S.K.: 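Here's a structure for you.
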Amino acid sequence: MIKFLDLEKVTASFEPGLSREVQRVVRSGWYLLGNEVHAFEEAFARYCGTSECVGVANGLDALTLVLRGYMEMGQMQEGDEVIVPANTYIATILAITRNRLVPVLCEPDEGTCLIDPSRIEPLVTARTKAVMVVHLYGQAADMDAVAQVAARHHLKVIEDAAQAHGAVYKGRRVGNLGDASAFSFYPGKNLGALGDGGAVATNDAELAKVVRALANYGSSVKYVFPYKGINSRLDEVQAAVLRHKLPRLDADNERRRRIAERYMAGIRNPFVALPEWREREGHVFHIFAVRCKQRDALQAYLAEQGIQTLIHYPVPPHKQEAYREWNDRSYPITERIHREELSLPVSPVMTGEEADIVINAVNSFAPKDE
Ligand SMILES: *Cc1c(COP(=O)(O)O)cnc(C)c1O
């Protein structure tokens, strides 16, 4: 049996150091808003190359608070529009609508499944205030092209980097490629906690200050509340876990790339399309996404051979009941991706032999009606 992601094995690979770190925080008697979070924020900002990092409770809050921060700073207001890829995890869209901003869905590039910069400009209106790019599957979006459009129309560029910790674009890391970025440390992400966690990274000290206050009930000075904030904290145990894991992130991402290279070289099946991989270090393979018109049959076939796969994602946001007001819209590229995408196992603890088993299984797949 080859698991999609063997989290137990991932966590075990950090032992015994990881448990020692957790024990240390448990024994310290200090569990929120302390030195651990501060130290992790510093380390993660340095890693991303930004001057600021604010730890928060999860990725959705990180995205939400970036937008909310701009609203409190008077740079956006309710009803303003945010251009965002139509093919993303629902959290990206929820962060926009949670702030009563309006998501403007943009069809992706069919090859990379990333935002197509040439489709952004036609969507710009007088109310457009930002482009939210998603480094989907772990690959950095085409940021130079996005920056050009954004500059022409004075738009903020916000990165949803929840799947791309450590990915590089032309020598710079994601999280440091726009005006502000959001990360998730959900356990299955490339840098994962033992529970929920998230962070905002930016070079905008004012935004960081506002986000930090918003995440702390709207307060930066005890019992003084300039904003109607929320409670969104990264806790001390998770911060210690993340700081312990961060130094190995680049090596772990490289292990993911090695598996991906093996797949790219080994998978040869006319019914299965491999992902488009641009810059080598530009992809950290949170997800190895193949495309197959007979996707469900391929998934069932692999399952029969003990290979666990997932679909990212079966139904696009505009077809969800939560966004029923968009259900009759059509985004053909997005819909095709959701119909055909299949995620093969990839992780830092996966072996080359396991990858070869996956390759042989994929190569031996033939749809029944062909
Ligand atoms: C995981 C993820 C999020 C949300 O992160 P949580 O920590 O689960 O809230 C947002 N956007 C994308 C693209 C994600 O993959």
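Just so it is clear, the structure is predicted and the values come from calculations on it, not from any experiment. Note that ligands are numbered from 1 as they come in the structure, with each ligand's atoms numbered from 1 the same way.
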S.K.: Establish, yes or no, whether the cationic atom of R257 lies under 6.0 Å from the six-membered ring centre of F285 and within 45° of the ring axis.
M.R.: no
S.K.: Does anything in residues 11-25 form a salt bridge (charged side-chain N to carboxylate O under 4.0 Å, His left out)? List the pairs, not counting sequence neighbours.
M.R.: E21-R24, R24-E36
S.K.: Can you give me a line-by-line list of nitrogen or oxygen pairs between ligand 1 and the protein shorter than 3.5 Å?
M.R.:
| unit_1 | atom_1 | unit_2 | atom_2 | d |
| --- | --- | --- | --- | --- |
| ligand 1 | 5 (O) | S184 | OG | 3.2 |
| ligand 1 | 7 (O) | G59 | N | 2.7 |
| ligand 1 | 7 (O) | S184 | OG | 2.6 |
| ligand 1 | 9 (O) | G59 | N | 3.3 |
| ligand 1 | 9 (O) | L60 | N | 2.9 |
| ligand 1 | 11 (N) | D160 | OD1 | 3.3 |
| ligand 1 | 11 (N) | D160 | OD2 | 2.8 |
| ligand 1 | 15 (O) | Q163 | NE2 | 2.9 |
| ligand 1 | 15 (O) | K189 | NZ | 2.7 |

S.K.: List, by chain and then residue number, the residues other than V134 in its hydrophobic cluster (Ile/Leu/Val/Met/Phe/Trp/Tyr, side-chain heavy atoms under 4.5 Å); write none if there are no others.
M.R.: L114, L136, Y137, I287, I333, I337
S.K.: Pick out which of D328, N327, T334 makes a side-chain contact (heavy atoms from CB on, under 4.5 Å) with H318.
M.R.: T334
S.K.: Using a 4.5 Å cut-off between side-chain heavy atoms of Ile, Leu, Val, Met, Phe, Trp and Tyr, which other residues end up in the same hydrophobic cluster as V221?
M.R.: V224
S.K.: Please say whether more than 12 non-hydrogen atoms of neighbouring residues, nucleotides or ligands are located less than 6.0 Å from NZ in K209.
M.R.: no
